[in-house]
J.: 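Below you will find the structure I want to go over with you.
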Amino acid sequence: MRQSLTPYLRSSGDRPADLAGARRAADERAANTMPSATIALSAELTARLQGLTPGQRIKITQTVRVGMKTWPAVATGAFRGLDYLATGLATDRVPEDDIVVIALHFTKDNGELSSVTMDEHTQVEVVS
């Protein structure tokens, strides 16, 4: 039996009905944003990401925070694709509890294949 801090309703068998997640996904689709388990990207960023084509040069800026200090981490390269990354936890959980985040894949100028996961502070710019 699954034990959790958050209650859920049983739907079929042992699968929980994720009512809050279904509402969140519907709200995000309605707001023209990309769904994610942790955040909803803004409509502006969603439009920019969906308009990218493979090979297009981009600049990605994320805010790194350690303790009370923050600083920008900047990477540039050629856009390869946009994907969802399903992460798992090292506990016995049902598949519906996996965390799904948006992953942006790109190739750095030195040829390194790289990916970043998006959060609400990530900025993506098209550069020429």
Side-chain angles (χ1 to χ4, degrees):
M1 179 59 107
R2 176 179 180 264
Q3 292 183 358
S4 174
L5 297 175
T6 56
Y8 65 87
L9 302 173
R10 291 201 179 276
S11 57
S12 62
D14 277 344
R15 292 185 63 199
D18 183 10
L19 300 178
R23 275 193 302 273
R24 182 178 59 238
D27 290 344
E28 289 170 353
R29 279 191 298 276
N32 225 7
T33 61
M34 298 181 83
S36 175
T38 55
I39 52 117
L41 298 182
S42 69
E44 178 186 340
L45 183 55
T46 297
R48 187 173 306 129
L49 291 174
Q50 290 175 338
L52 292 174
T53 58
Q56 196 168 17
R57 293 208 28 89
I58 57 173
K59 175 182 172 185
I60 304 159
T61 306
Q62 289 189 309
T63 302
V64 177
R65 183 180 141 201
V66 176
M68 296 299 289
K69 293 187 178 189
T70 60
W71 62 93
V74 179
T76 58
F79 175 73
R80 288 189 296 128
L82 196 60
D83 204 345
Y84 287 96
L85 174 66
T87 64
L89 299 173
T91 59
D92 183 23
R93 299 182 65 144
V94 294
E96 290 80 12
D97 284 345
D98 284 347
I99 304 297
V100 179
V101 294
I102 301 165
L104 175 68
H105 306 286
F106 63 102
T107 304
K108 291 183 179 178
D109 294 336
N110 65 2
E112 175 186 340
L113 300 178
S114 190
S115 300
V116 295
T117 55
M118 307 294 289
D119 65 14
E120 63 273 19
H121 303 294
T122 303
Q123 298 173 2
V124 179
E125 303 170 45
V126 175
V127 294
S128 51

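Worth knowing before you read on, the calculation uses all heavy atoms, side chains too, and leaves out hydrogens, waters and symmetry mates.
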J.: Can you sort out the partners of Val116 under side chain to side chain contact (heavy atoms under 4.5 Å, CB included), two or more places apart, ordered by chain and number?
T.: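 Result, side chain to side chain contact (heavy atoms under 4.5 Å, CB included) vs Val116: Ile60, Gln62, Leu104, Phe106.
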J.: Could you work out, with side-chain hydrogen bond (donor to acceptor under 3.5 Å, both in side chains) as the rule, every residue matching Ser115, not counting sequence neighbours?
T.: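 So Ser115 forms a side-chain hydrogen bond (donor to acceptor under 3.5 Å, both in side chains) with His105.
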J.: Tell me whether Ser42 contacts the main-chain N or O of Leu45 through its side chain, where contact means a donor paired with an acceptor under 3.5 Å.
T.: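 Present.
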J.: What's the shortest heavy-atom distance between Gly55 and Ala78, and which atoms?
T.: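 Minimum heavy-atom contact is O-CB, 4.0 Å.
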J.: Could you grab the distance from atom CG of Leu82 to atom CG of Leu52, nearest 0.5 Å is fine?
T.: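 Nearest 0.5 Å value for the CG-CG distance: 8.0 Å.
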J.: In the hydrophobic cluster built from side-chain contacts under 4.5 Å, what are the other members alongside Val64?
T.: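 Via sub-4.5 Å side-chain contacts, Val64 links to Val66, Trp71.
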J.: Could you give the distance from CZ (Arg80) to CD (Gln56), rounded to the nearest 0.5 Å?
T.: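 CD of Gln56 is found 15.0 Å from CZ of Arg80.
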J.: Output the distance between atom OG1 (Thr46) and atom CD (Glu44), rounded to the nearest 0.5 Å.
T.: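 With rounding to 0.5 Å, OG1 (Thr46) is 9.5 Å from CD (Glu44).
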J.: Can you name the side chain to side chain contact (heavy atoms under 4.5 Å, CB included) partners of His121, sequence neighbours left out?
T.: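 Result, side chain to side chain contact (heavy atoms under 4.5 Å, CB included) vs His121: Thr63, Asp119.
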J.: Mark yes or no for whether Arg48, through its side chain, and Gln50, through its backbone, hold a donor-acceptor pair below 3.5 Å.
T.: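 Checked: no pair found.
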J.: Would you list the pairs meeting salt bridge (Lys or Arg N to Asp or Glu O under 4.0 Å) in which at least one residue belongs to residues 109-118, sequence neighbours left out?
T.: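 Salt bridge (Lys or Arg N to Asp or Glu O under 4.0 Å) check on residues 109-118 returns Arg57-Asp109, Lys108-Glu112.
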J.: Do Tyr84 and Ile102 touch side chain to side chain, with heavy atoms closer than 4.5 Å?
T.: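 Yes. Closest side-chain heavy atoms under 4.5 Å.
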